[in-house]
Amino acid sequence: MKEMDMPFAHDPDRRAVIAGIAATAAIFGHGRRVSAAEMAKDGGYRIIPRDVRDSLGEGITWSARRNAIFWIDILKPTLWSMDVGTGAIRSWPMPETIGWVIERKGRDDFIVGLKRGFAILRLDPFEITTIGNPEPDYPKNRLNDAKVDRWGRIWAGTLGEAGGSLYRLDPDLRWSRQDTGYKTCNGPTFSLDGRTMYHNDSGRRICYALDLHPDGTLHNKRIFTQFTEEMGAPDGMTTDAQGGIWIAHWGGGRISRFLPDGRFDRAIALPAGRITDMTFAGRKLDRMFVTSASGEPDAKPDSGSLFEVQAGVRGRAPHLFAG
C-alpha cells in the first residue's frame with residue numbers, strides 16, 4: 001500500500017473530533033492511585049511493587065495457561081513475567097534487543113521479535129532459535145511491536161533509520177511485507193470480528209484502520225484518529241470485549257478508549273509521561289496492566305512502572321500464533 005497523505009486543515013468534522021478529544025481528556029483524565037483492595041473503582045490505578053523500573057517497558061500480553069502477564073524491557077533487554085494470582089515476578093535477561101513476545105497455540109514456547117528478526121524462544125531450558133530477519137538490508141532497524149489476528153498470523157512492525165514497515169508472519173514461518181512508509185510502527189489491534197486492523201504510525205501521531213481479509217491482505221487504509229501534540233503519540237493498543245480501542249499515549253501520560261467509529265470515549269491519566277502498552281488479564285479478563293518508560297528528559301518518579309488500571313470493561317484473550 002502506498003503511504004497516505006491525510007491533511008485535516010479543511011475537514012471541520014475532524015477538527016471538531018480532535019478538539020473534543022483534547023478537551024475531554026483534560027477534564028476526565030485524572031487517574032486515582034488506590035490500594036489493591038480499592039481497584040474496583042473505575043479509573044483507579046496501582047503501581048505493581050518492584051525493585052526496578054523499566055527503561056522502555058513494552059509488548060505486554062496475557063497468558064491464560066500460565067495465569068501470568070509477560071512484558072519486555074527493550075533498552076535493558078529483559079523478558080518479565082508476573083503471576084497475577086500470587087504477584088510473583090520473574091525475569092530472563094535477553095542477549096539482544098527484544099520488542100515483543102507471543103504465545104504459540106499448543107506449544108510451550110514463544111515467538112519473539114529480536115534485533116536479529118523473528119525467533120523462537122524457549123524458557124526452560126533457555127534457548128533461542130532464529131527464524132529470519134525481514135529487513136537484512138537495514139541493520140539499524142528492528143522489530144518493534146506485534147499482535148496475532150483471529151486466523152493465527154502475527155502482524156509485526158519495524159522502526160529505525162530506514163523507516164518502518166508492517167509484516168505478516170504466517171503459521172508456516174514465512175513472512176511478507178504488507179505495508180510500508182511508516183516512521184514508527186506501533187500496535188496493532190483488531191476489531192471484535194477481526195476484519196479491521198488498527199495500526200499506529202507514532203511518528204506521524206496517526207492511528208490507521210485497515211480492512212483485513214481472511215486471506216491476509218489489507219485494503220482501504222484510512223485514518224481512525226489523529227493525535228494532537230498535547231496528546232503525545234499513539235503507541236501500543238488493545239481491544240476490549242465491547243469493541244473499544246484502547247491506545248497508550250507516548251508523551252501524553254495516559255491511556256484512552258475510542259469507540260469503533262473513531263469517537264473518543266474516555267481517558268485515564270497515569271503518573272508517567274511515556275505510556276507504552278496495555279493488556280487485559282485475569283481469568284475474567286477484568287484486570288488491565290499498563291507498561292511505561294523511564295528514559296524521558298522530565299521523567300516522573302513513577303515513570304517505568306508497571307500499572308494495574310481499573311478500565312471499567314472486560315477485555316478479550318489474545319489470539320495465539322497458529323504456527
Side-chain angles (χ1 to χ4, degrees), residues 1-8 14 18 56 58-59 72 74-75 97-100 102 112-118 132-149 153-170 175-191 196-213 216-229 231-239 245-252 256 258 262 274-278 291 293:
M1 268 181 221
K2 186 178 176 181
E3 180 187 346
M4 300 169 62
D5 180 18
M6 291 287 186
F8 295 102
R14 179 64 65 177
I18 293 173
L56 181 49
E58 265 282 10
I72 304 301
I74 294 177
L75 297 183
T97 301
I98 177 172
W100 46 266
I102 285 173
V112 293
L114 299 177
K115 182 68 174 68
R116 74 184 75 172
F118 298 109
N133 186 351
E135 296 185 340
D137 296 331
Y138 304 127
K140 294 187 177 181
N141 274 28
R142 65 170 176 83
L143 290 166
N144 187 51
D145 209 351
K147 292 283 174 62
V148 180
D149 68 20
R153 301 171 297 224
I154 291 175
W155 293 85
T158 60
L159 61 76
E161 289 187 358
S165 294
L166 178 63
Y167 292 87
R168 190 187 74 219
L169 181 68
D170 293 328
W175 64 85
S176 57
R177 188 171 68 179
Q178 296 297 315
D179 196 9
T180 192
Y182 293 83
K183 287 187 175 181
T184 303
C185 290
N186 265 304
T189 193
F190 305 91
S191 60
T196 302
M197 174 191 292
Y198 303 92
H199 189 238
N200 291 328
D201 187 338
S202 300
R204 293 184 172 89
R205 306 182 191 273
I206 295 174
C207 177
Y208 294 104
L210 306 96
D211 294 341
L212 173 57
H213 290 213
T217 57
L218 298 173
H219 301 276
N220 189 26
K221 184 177 181 180
R222 67 247 182 223
I223 287 190
F224 177 68
T225 190
Q226 168 97 55
F227 276 26
T228 64
E229 184 175 355
M231 295 168 68
D235 203 328
M237 294 189 285
T238 195
T239 304
I245 307 300
W246 291 82
I247 305 179
H249 292 239
W250 173 272
S256 290
F258 294 82
R274 293 178 172 177
I275 306 300
T276 56
D277 203 2
M278 76 285 285
T291 53

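Residues Pro134 and Pro136 share a closest heavy-atom pair of C-CD, 3.4 Å. Asn144 and Cys185 make their closest contact through ND2-O, 2.8 Å (heavy atoms, listed as atom of the first residue, atom of the second, distance). Nearest heavy-atom pair across Gly181 and Arg204 is O-NH1, 2.9 Å. Of all the heavy atoms in Met278 and Trp246, the pair that sits closest is SD-O, 3.9 Å.
A perpendicular orientation is assigned to the rings of Tyr208 and Tyr182, their planes being inclined by more than 60° (bins at 30° and 60°).
Glu58 is listed as a side-chain neighbour of Asp145, based on a closest heavy-atom distance under 4.5 Å. Taking the side chain as every heavy atom from C-beta outward, Asp277 and Asp235 never approach each other to under 4.5 Å. Proximity of Tyr198 to Phe190: side-chain heavy atoms (C-beta onward) are nowhere separated by under 4.5 Å. Side-chain atoms of Leu159 and Arg142, non-hydrogen and from C-beta on, do get closer than 4.5 Å to each other. Side-chain contact between His199 and Leu210 is present, with heavy atoms from C-beta onward closer than 4.5 Å. Between Val112 and Phe118 there is no side-chain heavy-atom pair separated by less than 4.5 Å. Looking only at side-chain heavy atoms (C-beta outward), Leu218 and Trp155 come within less than 4.5 Å of each other. Within the 4.5 Å cutoff, side-chain heavy atoms of Arg222 are placed close to those of Asp211.
Evaluated for a side-chain contact (heavy atoms from CB on, under 4.5 Å) with Thr97, the options Ile74, Leu114, Leu56 yield exactly one hit, Ile74.
With no hydrogens or angles considered, a side-chain donor-acceptor pair links Thr239 and Thr189 at under 3.5 Å.
By the side chain to side chain contact (heavy atoms under 4.5 Å, CB included) test, Ser165 is found to be paired with Glu135, Thr158, Tyr167, Arg177, Thr180, residues two or more places apart in sequence or in another chain being considered. Partners of Asn200 according to the side chain to side chain contact (heavy atoms under 4.5 Å, CB included) rule, which considers only residues two or more places apart in sequence or in another chain, are Asn186, Ser202, Cys207, Pro234, Met237, Ile247.
Annotation: the span from Arg205 atom CZ to Gln226 atom CD amounts to 9.0 Å, rounded to 0.5 Å. Taking CD1 of Ile72 as the start and CD1 of Ile98 as the end, the distance is 3.5 Å to the nearest 0.5 Å. The NE2 atom of His213 sits 11.5 Å away from the CE atom of Met197 when rounded to the nearest 0.5 Å.
Side-chain N or O atoms of Lys115 include none that pairs as donor or acceptor with a backbone N or O of Leu143 at under 3.5 Å. In this structure a side-chain-to-backbone donor-acceptor pair under 3.5 Å is missing from Lys147 to Thr238.
Look at Arg168 and Asp170 and you find a salt bridge, because one of the NZ, NE, NH1 or NH2 atoms lies within 4.0 Å of a carboxylate O, short of that distance.
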Subject >> Test side-chain contact (heavy atoms from CB on, under 4.5 Å) applied to Phe224 and Thr196, step by step >> reply: CA-CA 11 Å; Phe224 177 68; Thr196 302; over 6 Å; no
